[in-house]
Amino acid sequence: MFQKVLIANRGEIALRILRACKELGISTVAIHSTADSNAMHVRLADESVCIGPPPAKDSYLNIPSIMAACEITGADAVHPGYGFLSENARFARILSEHKITFIGPSSHHIEIMGDKITAKKTAVELGIPVVPGSAGEVKTEADAKSTAAEIGYPVLIKATAGGGGRGMKVAHTEADVLTAWSTARAEAKAAFGNESVYMEKYLGQPRHIEVQVLGDGQGNAVHLGTRDCSLQRRHQKVWEEAPAPTVPFAEQMEIGEICAAAMRKLKYSGAGTIEFLYENGKFYFIEMNTRLQVEHPVTERITGVDIVYEQIRVASGEKLSLTQDKIQFNGHAIEVRINAEDPQTFAPSPGKIQFYHPAGGVGVRVDSAVYQGYTIPPYYDSLIGKLIVYGRTRDECLQRLRRAVDEFVVDGIKTTLPLFQRLIQNKDIAAANYDIHWLEKFLKDNKA
Ligand code: ADP
């Protein structure tokens, strides 16, 4: 097992990892920018190193500074959390060249899954169902027309290097396919410096359903069931549930087993999430995230598995402590993301938290790094906390969520808590009757 882990992140996820390390008896090193000197992860870690000025590119994304922090503190492993360098194959490679363990998959697996076309090809080879589409890049206008005709309209043109929903364009008829193709390429070039695009069947009313997997790199892998993350705004998840409420249990286990088998074949190491769109009873692979996800706690709550603990264990060379037959699924969990944002316009709302009282009580978990008197800096993402509630049934979970959201107080800044008060009262939410477009439509129709 490791002696000392450097946590290359900030905010709630840095705390989440720190807590797991403490429970495992591992010393912790926090890194921070000059804007985060008073952050909770810095206060709670055994040691801390300032790695640069506020902008992320100069601090949390600054590989030389982070390598220097490893060197100074003698850390033998790095946990990247999510975001920042968590899916940076180069960072994983540099660490391994310095005999420091990257707590995550191999740089090779990060690379395969980081490119949408190779990810999709790999998924097909591994027997994971994918969205019907082009075999690879769509390079010419003639290609765009013939591929679209083959797939059938509407089609979606997506950037190979895509992320965050950028470089994506829908074409409904042959009349718009060339415009969609050229705009997607231009956007992809501008956003990612790579104009390569591919094409998929556009699904009209899918749900976003994902499968959590864990592997040990020695050919053992398990799945921890599904999550529904369809409630999104601008492709950002806002509310997540486990298990996926509308998918029959047998179907969840079937797709879970397909994913676990694929990870065994790959000899995948660490935590991963295989994301699907789900429509008319069918799953279609869209991407794999080779890291811990923001929404991992809902899965932890219904399975009792500590995902971060397992990540650390397998990275240290141990076998998975779990076998599939030992994993039980109990009850229902929902996570809502509390962002420092205006609940109507979603404009960021950094500033000082004057009063803070998190919800508590039976079935409630709060993962946050804020405290009363803390000033949220304007430089980073606006997530300030995650409220995770559990119930034996989804109805009980919703009742508890209502109670917990009412109890939660964050004064001094605006947060998305009032949005959740509105969502909990909605009939579609109560009936779990929503797809990936539902929230955007709700926000448009319910402008205050
Ligand atoms: P990114 O990496 O940019 O987030 P994804 O492939 O994960 O790209 O897709 C982001 C979102 O775009 C999905 O969550 C879904 O809302 C939508 N999307 C992607 N592929 C399709 C598709 N074939 N049909 C309909 N919507 C899609």
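Both counts, for ligands and for their atoms, begin at 1 and track the order of listing.
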Chemist: Would you tell me which option among L203, V155, V130 has the nearest heavy-atom contact to atom 24 (N) of ligand 1?
Modeler: L203
Chemist: Is any NZ, NE, NH1 or NH2 atom of the basic residue among E200 and K120 found under 4.0 Å from an Asp or Glu carboxylate oxygen of the other?
Modeler: yes
Chemist: What atoms of ligand 1 come closer than 4.0 angstrom to any heavy atom of K158?
Modeler: 6 (O), 19 (C), 20 (N)
Chemist: Taking atom 9 (O) of ligand 1 as the point of reference, which of H235, E287, M168 owns the nearest heavy atom?
Modeler: M168
Chemist: What atoms in ligand 1 come closer than 4.0 Å to a heavy atom of Y202?
Modeler: 24 (N), 25 (C), 26 (N)
Chemist: Does a salt bridge link R402 with D406, judged by any charged N lying under 4.0 Å from a carboxylate O?
Modeler: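 A salt bridge is absent here (no side-chain N lies under 4.0 Å from a carboxylate O).
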Chemist: Any idea which protein heavy atom is nearest atom 3 (O) of ligand 1, and the distance to it?
Modeler: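 Closest protein heavy atom to atom 3 (O) of ligand 1: G165 N, 2.6 Å.
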Chemist: Please list the nearest protein heavy atom to atom 27 (C) of ligand 1 with its residue and the distance rounded to 0.1 Å.
Modeler: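 That would be L277 CD1, 3.5 Å.
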Chemist: Which residue and non-hydrogen atom of the protein lie closest to atom 13 (C) of ligand 1, and at what distance in Å?
Modeler: I286 CD1, 3.9 Å
Chemist: Should the pair E241-R227 be classified as a salt bridge under the 4.0 Å nitrogen-to-oxygen rule?
Modeler: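 No salt bridge links E241 with R227.
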Chemist: What atoms of ligand 1 come within less than 4.0 Å of a heavy atom belonging to I436?
Modeler: 15 (C), 16 (O)
Chemist: For the NZ atom on K267, are there more than 12 heavy atoms of other groups (residues, nucleotides or ligands in this structure) within a distance under 6.0 Å?
Modeler: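 Not buried by this count: 12 neighbours or fewer within 6.0 Å.
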Chemist: One pair to check against side chain to side chain donor-acceptor pair (under 3.5 Å): Q212 and H296. What are the steps and the verdict?
Modeler: CA-CA 8 Å; Q212 175 73 56; H296 76 276; over 6 Å; no
Chemist: Please determine whether a side-chain nitrogen of the Lys or Arg among K237 and E275 lies less than 4.0 Å from a carboxylate oxygen of the Asp or Glu.
Modeler: yes
Chemist: Could you check whether the rings of F84 and Y380 sit parallel, tilted or perpendicular, using 30° and 60° as the cut-offs?
Modeler: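 Ring orientation of F84 relative to Y380: perpendicular.
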Chemist: Using heavy-atom distances, let me know which of E200, M288, K116 sits nearest atom 1 (P) of ligand 1.
Modeler: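 Minimum heavy-atom distance to atom 1 (P) of ligand 1 goes to K116.
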